[in-house]
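Everything on this sheet refers to the single structure shown next.
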Amino acid sequence: MSKHLDDDGFQIVTSKRASKNKQTKIPHNQKQFIKHENNINIEASYCRILSAVDDIKSSHYFNDVLKSVSNVLKERNLLEIVCFGLGHIGECNISRYQLAFLLCLKQSFNLCDVFVHDPIFYSDECELLRRLGLTVITQNNEGCYVISQKHTTLVYLPHCPKQLTNNFLWSNWGVQLENCILLCNSFASLLQNQPSRILKEAVPYIYKITSHIDEIVLKNNFQYKDIFNDTSIHYISKEKLPDIDSEFWNKTEQPKYEDIEEFITSQMVEKLSI
């Protein structure tokens, strides 16, 4: 049995097979998507997030992640963290804990540059994120964030659609991916649970990179089991780069996706009004 939080903060007991990833559902017809704007209690949300930070900071899970990321970094310095897909931090407890985790990483690595984006953020949530010292990316670039070619970037995609991860890989496709640490849903699990022929067509850059990437499967030992389930650290070790043929890094035009419920494109929300 595992325990998790509902949106009101109550603990619910379910079987392990009932655990679900947090997703942002939208209609199949993209023209019907409307970004709703709700007011939240910023002060109350701020206090709840700080409480979640205390829970994360003292957890074995966070200590395990911190050790693993530090081992991957070795002597390198972390330049920035980029996070997509937190969801409604003012309403959802899963989102609040994932934000708290991000804040703990920011504090542990003493970073100034931590960027966040989700096309469904409310204006009040953007204000809250800025109050917490984060930079809100206002343009929906669909995950196409270009990282530094000299310094290391940690990319945090908590339970995000695989299309978002695929877009990120496409936008940085090349040896510079060595400068990226991806914290997201397990690639190994994705390959195990979906046919290769479908993945090769739907998310080709995830499919191609899996044979060259190292994955650290994180033990899901946090007290609430649906916050960080199926999360792994992915990276390309410097030692593997010489074995990759230069033609491997050839890429086509930006991937296109149709009728994907959980993936909000820039055509649905041109720009956040914040």
Side-chain angles (χ1 to χ4, degrees), residues 1-26 35-66 81-108 114-134 136 156-161 164 183-186 218-232 261-264 272 274:
M1 305 295 283
S2 64
K3 57 183 180 179
H4 65 276
L5 296 175
D6 70 357
D7 285 349
D8 295 318
F10 295 101
Q11 181 176 304
I12 303 173
V13 178
T14 63
S15 66
K16 290 183 179 179
R17 287 184 294 180
S19 179
K20 296 181 180 179
N21 288 351
K22 169 176 63 65
Q23 293 182 329
T24 300
K25 293 293 185 180
I26 63 173
K35 180 180 179 291
H36 296 285
E37 189 66 54
N38 288 347
N39 294 325
I40 65 168
N41 188 325
I42 294 178
E43 290 301 323
S45 296
Y46 182 80
C47 291
R48 292 190 189 105
I49 290 166
L50 292 186
S51 178
V53 166
D54 290 338
D55 289 345
I56 295 289
K57 193 183 301 183
S58 61
S59 69
H60 291 297
Y61 180 82
F62 180 71
N63 288 330
D64 291 344
V65 174
L66 202 58
I81 302 177
V82 181
C83 176
F84 294 101
L86 279 174
H88 284 307
I89 58 170
E91 297 177 342
C92 176
N93 277 294
I94 292 178
S95 297
R96 271 195 286 268
Y97 272 96
Q98 290 169 345
L99 171 58
F101 176 81
L102 178 63
L103 293 172
C104 288
L105 287 172
K106 179 181 186 295
Q107 183 180 35
S108 296
V114 178
F115 303 92
V116 292
H117 174 79
D118 196 312
I120 68 170
F121 281 153
Y122 303 140
S123 297
D124 285 352
E125 290 173 328
C126 291
E127 181 181 339
L128 176 57
L129 288 164
R130 294 189 182 102
R131 179 175 173 180
L132 290 164
L134 308 181
V136 179
Y156 181 36
L157 305 167
H159 295 329
C160 284
L164 198 68
L183 186 58
C184 61
N185 286 348
S186 168
L218 299 169
K219 184 178 180 180
N220 188 19
N221 57 5
F222 189 61
Q223 57 180 320
Y224 305 116
K225 299 304 180 184
D226 52 358
I227 309 289
F228 305 112
N229 57 300
D230 194 40
T231 302
S232 291
E261 285 189 348
E262 70 272 20
F263 184 56
I264 302 177
L272 292 177
I274 58 178

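Just so you know, residue 1 is the first one in the sequence shown, and it goes up from there.
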Can you name the closest pair of heavy atoms from Arg96 and Ile89 and give their distance? CG-O, 2.9 Å
Are Leu183 and Leu218 close enough, and set up right, to give a side chain to side chain contact (heavy atoms under 4.5 Å, CB included), and what steps lead you there? CA-CA 10 Å; Leu183 186 58; Leu218 299 169; 3.7 Å; yes
dist Gln98:CD -> Ile49:CD1 (nearest 0.5 Å) comes out at 12.0 Å
How long is the span from the CD1 atom in Ile227 to the OG atom in Ser59, to the nearest 0.5 Å? 11.0 Å
Answer yes or no: is there a side-chain heavy-atom contact under 4.5 Å between Leu134 and Leu99? yes
With Phe101, which residues qualify under ring pair (Phe, Tyr, Trp, His ring centres under 6.0 Å), at least two apart? Phe62, Tyr156, Phe228
What residues form a side chain to side chain donor-acceptor pair (under 3.5 Å) with Lys219, not counting sequence neighbours? none
Could you work out, with side chain to side chain contact (heavy atoms under 4.5 Å, CB included) as the rule, every residue matching Asn38, not counting sequence neighbours? Glu91, Tyr122
With side chain to side chain contact (heavy atoms under 4.5 Å, CB included) as the criterion, how do Ser123 and Glu37 come out once you've worked through the C-alpha distance, each side chain's angles and the decisive distance to 0.1 Å? CA-CA 7 Å; Ser123 297; Glu37 189 66 54; 3.5 Å; yes
Evaluate the side chain to side chain contact (heavy atoms under 4.5 Å, CB included) criterion for residues His117 and Val82: first the C-alpha distance (whole Å), next the side-chain angles of each, then the deciding distance (0.1 Å), finally the verdict. CA-CA 8 Å; His117 174 79; Val82 181; over 6 Å; no
Taking side-chain hydrogen bond (donor to acceptor under 3.5 Å, both in side chains) as the cut-off, I'd like each qualifying pair that reaches into residues 40-51, sequence neighbours left out, listed once. Glu43-Arg131
Approximate separation, where rounding is to 0.5 Å, of Leu102 CG and Ser95 OG: 12.0 Å
Closest non-hydrogen contact found for Phe121 with Cys126 is CB-SG, 3.8 Å
Using every non-hydrogen atom in the two residues, find where Lys106 and Gly133 come nearest and quote the distance to one decimal. CE-O, 3.4 Å
Provide the closest heavy-atom pair for Ser186 versus Ser232 in the form atom of the first, atom of the second, distance. CB-OG, 3.5 Å
In the structure I gave you, are the side-chain heavy atoms of Leu86 and Pro158 within less than 4.5 Å of one another anywhere? yes
CG of Asn93 to OH of Tyr224: how many Å apart, nearest 0.5 Å? 8.5 Å
Which atom names give the shortest non-hydrogen contact between Cys104 and Val53, and what distance separates them? SG-O, 3.7 Å
Heavy-atom closest contact (Asn185 atom, Asn229 atom, distance): OD1-O, 4.4 Å
Point-to-point distance, once rounded to the nearest 0.5 Å, from CG of Asp64 to CG of Asn221: 5.5 Å
Testing the 3.5 Å rule here: is there a donor-acceptor pair between the side chains of His88 and Asp118? no
With sequence neighbours left out, write down each residue that passes side chain to side chain donor-acceptor pair (under 3.5 Å) with Asn220, or none if nothing qualifies. none
Apply side chain to side chain contact (heavy atoms under 4.5 Å, CB included) to Glu127 and list each qualifying residue two or more places apart in sequence or on a separate chain. Ile42, Asp124
Go through the steps for Leu128 and Leu132 under the test side chain to side chain contact (heavy atoms under 4.5 Å, CB included), then give the verdict. CA-CA 6 Å; Leu128 176 57; Leu132 290 164; 4.2 Å; yes
